[in-house]
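Here is the structure we will look at, set down as structure tokens.
Note that ligands are numbered from 1 as they come in the structure, with each ligand's atoms numbered from 1 the same way.
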Amino acid sequence: MKPFIVPASAKSWIEVDPESHFPIQNLPFGVAVHKNRGEGMVCAIGDYALDLPVLMEAGMISEEEFPWLDTFLGLDKELLTKLRKRIYELLEESHSELRDNAKIRKKAILNRKDLQLTVPIPPTAFIDFYSGIQHASNVGKMFRPDQPPLLPNYRHLPVGYNGRASSVVASGTKIIRPKGQTKGPNDEMPAYGPTKEMDFELEMGFYISEGQDMGKRITCKSAEDHILGLVIVNDWSARDIQRWEYQPLGPFLSKSFATSVSPWLVTLDALEPFRIDGMEQDPEVLPHLRSQGKQHFDIQLEVLLQTAKMKAPQQIAASNTKHLYWSISQQVAHQTSNGTPIEFGDLYASGTISGPEEGTYGSLLEISWRGQKPVSLETGETRTFLEDGDTLTLTAFAQGDGFKIGFGECAGTIMPAQG
Ligand code: MN
């Protein structure tokens, strides 16, 4: 199916700041919780959002063509492209239908800052990959200093694990410091208590639209037909719990207590102008994971930290999705290569996206190099890991010529352990 790309020169009759994440070229979708009438889909434009059920009620979005737009349910990729195209028509500066209808405009245009946004799609499954090659190398250097930083399988398959879908939460949800078992190198016995190494992971994620039946697989070539759009993911991690539990089956309780996602689902159509080749894969991967064309995206990522004492957040890292070794198509192809079924609403995360040098690392584990190099903050405070009251915010955008395709924010504040 052909992507719908909004021309770089297009403008809306709603004024949009050039620095806004949500120009008419983006038009991402979210789900808002309204006080009186439950959930409804919204589409971001500048400082505003369009209330889609209101537009359907007004006859500006076809009731025959689209499902009732209270959630994403029933929207496949093709329908979402059609819906985005229709919204473009309503917002483009030369179109008068909504522009000149004051009554509907008043009802349908909401202030974005007043919205309570939820998880775009409550995921049916959550899969976390490990496709950031610099992150994987850094972790290898820290934990296996006398061996090659990457394990032998790394360049042959996208390493991943099945995570926990029930604890995926919306940006802004408070994150309770988890408790768990830890054991220091000199401790005789493990102990149970609040993590002392609360960390974040800077990741991008995507949602599956149309699934696939058991026994069949999805090829790299058709994988993107199954991808509805992208979100920012913070895969909160308790490093001390992780270190003690992760062998031999991988992370379990050190990750499953909470995972935050950004509220706006950005379509692949909006990201189309930002495709890049990605890094060379050497050695060549097996035929079932080979893909052609520009399968990666140039998306800039930023990490901001605000302690309880700080008046404004401070940037502590900046990275880019170009540091991913495996593409989203390869992740889907690999996941289904054994015939496992996938379904609408499955959420996939990339793995931590770190760059090659200091200042570009996507976790405090790397930024503080296992606690050896504390981060200095403007207040004079230092951090090796997150403390109670700290707010960690991830943000992402692709920079176009005079506009940004942004994701908004994925934020969470750490609360004291309970119980
Ligand atoms: Mn992760």
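- A ring-centre distance under 6.0 Å is not found for Phe297 and Phe274.
- Nearest N/O/S atom of Glu201 relative to the Mn ion (ligand 1): this is OE1.
- The side-chain heavy atoms of Ile109 and Ile14, taken from C-beta on, include a pair separated by under 4.5 Å.
- Taking the Mn ion (ligand 1) as reference, Asp235 places its N/O/S atom OD2 nearest.
- Exactly one of Leu75, Asp76, Leu73 qualifies for a side chain to side chain contact (heavy atoms under 4.5 Å, CB included) with Phe344. That residue is Leu73.
- Closest N/O/S atom of Glu203 to the Mn ion (ligand 1): OE2.
- Closest N/O/S atom of Asp128 to the Mn ion (ligand 1): OD2.
- Using a 30° and 60° split on the angle between ring planes, Phe129 and Tyr348 fall in the parallel class, below 30°.
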